[in-house]
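See below for the structure under consideration.
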Amino acid sequence: MSPIEKLIAHFERFPGIGGRQAKRFVFHLLTLTKKETDDLSHLIQSIHDTVISCPSCFRFHTLISPQRLCRVCADTQRDPSKLTVVERDSDIDAIERSGMYDGRYFVLGGTIPLLNTQDTKKIRGGALKHFVETHADGDIKEIILAFSVNPDGENTARYVEMLLREILEKNNIRITHLGRGLSTGSELEYADTETIKNAFKNRA
């Protein structure tokens, strides 16, 4: 396998990237100068030294505080009574752009495929349960499930509700879902600002 074919194969492993897009990436790299590819290579090599996972919400971020918390978790002005559970880091960016939400987050790390309901090891179900248990007594009043509006997202929502049911009932915490401002089949990451605002307003 040639270097070009190997690079194409690597890009094809990226989420949502097919063979045609992977080829475009590789041939774009070939148009760059050596300095530009060296800079890109350095950024890739150093990413694990400069980017960490927030110990509270599990969002990836650039290290900014001795506590290793991300910007949102370190902000004492955020409303601790609201916790939004999202699939991935990029969903947080989409919600923050809307300016509609002032609570905290938890990154679940993916969804549970509808056709493989046993595939729960790849998501942070245990960590979410521990987080809610730790903050249930006085802090959290509402948990908002902000998953993609598709079968996998809905299946994951059912799993989270079942996982947290006992804690929610014991501590009188309500669980809500984003309103249908999001169209069926849409992913939160790609939703526009107004759609996200409406989804939060109409959550139930």
* Asked: Which residue pairs pass the salt bridge (Lys or Arg N to Asp or Glu O under 4.0 Å) test when at least one of the two sits in residues 19-30, sequence neighbours left out?
  -> none

* Structure fact -> Residue set satisfying side-chain contact (heavy atoms from CB on, under 4.5 Å) with Leu43, at least two apart, ordered chain then number -> none

* When Ile173 is tested against each of Leu168, Leu164, Leu83 for side chain to side chain contact (heavy atoms under 4.5 Å, CB included), which residue passes? -> Leu168

* Under the side-chain contact (heavy atoms from CB on, under 4.5 Å) test, residues paired with Asp38 that sit two or more places apart -> Lys34

* side chain to side chain donor-acceptor pair (under 3.5 Å) with Asp39: which residues, sequence neighbours excluded? -> Lys35

* Residue pairs involving residues 42-59 (criterion salt bridge (Lys or Arg N to Asp or Glu O under 4.0 Å); sequence neighbours excluded) -> Arg59-Asp93

* Asked: Taking only residues two or more places apart in sequence or in another chain, which ones pass side chain to side chain donor-acceptor pair (under 3.5 Å) with Ser98?
  -> none

* Worked check of side chain to side chain contact (heavy atoms under 4.5 Å, CB included) between Val160 and Ile143 -> CA-CA 10 Å; Val160 171; Ile143 295 176; 5.6 Å; no

* Asked: Counting heavy atoms not belonging to Leu40, are there more than 12 under 6.0 Å from its CG?
  -> yes

* Residues in side chain to side chain donor-acceptor pair (under 3.5 Å) contact with Gln21, at least two apart in sequence or another chain -> none

* Trace of the side chain to side chain contact (heavy atoms under 4.5 Å, CB included) decision for Ser56 with Arg104 -> CA-CA 10 Å; Ser56 180; Arg104 302 181 68 184; 3.1 Å; yes

* Can you name the side-chain contact (heavy atoms from CB on, under 4.5 Å) partners of Thr134, sequence neighbours left out? -> His130

* Evaluate the criterion side chain to side chain contact (heavy atoms under 4.5 Å, CB included) for residue pair Phe106 and Val132; output intermediate values, then yes/no. => CA-CA 10 Å; Phe106 186 94; Val132 174; over 6 Å; no

* **Whether Glu87 side chain and Gly109 backbone form a donor-acceptor pair below 3.5 Å** => no

* Asked: Of the options Asn155, Asp152, Leu108, which is the one that meets Phe147 in a side chain to side chain contact (heavy atoms under 4.5 Å, CB included)?
  -> Leu108

* Asked: For Glu142, which residues count as a side-chain contact (heavy atoms from CB on, under 4.5 Å) partner, sequence neighbours excluded?
  -> Lys82, Ile144, Arg174, Thr176, Arg203

* To do: Please list, chain by chain and in numerical order, all residues satisfying ring pair (Phe, Tyr, Trp, His ring centres under 6.0 Å) with Phe11, sequence neighbours excluded.
  => Phe14, Phe25

* Structure fact -> Those residues at least two apart in sequence (or on a different chain) that pass salt bridge (Lys or Arg N to Asp or Glu O under 4.0 Å) with Arg158 are none

* side chain to side chain donor-acceptor pair (under 3.5 Å) partners for Thr37, two or more places apart -> none

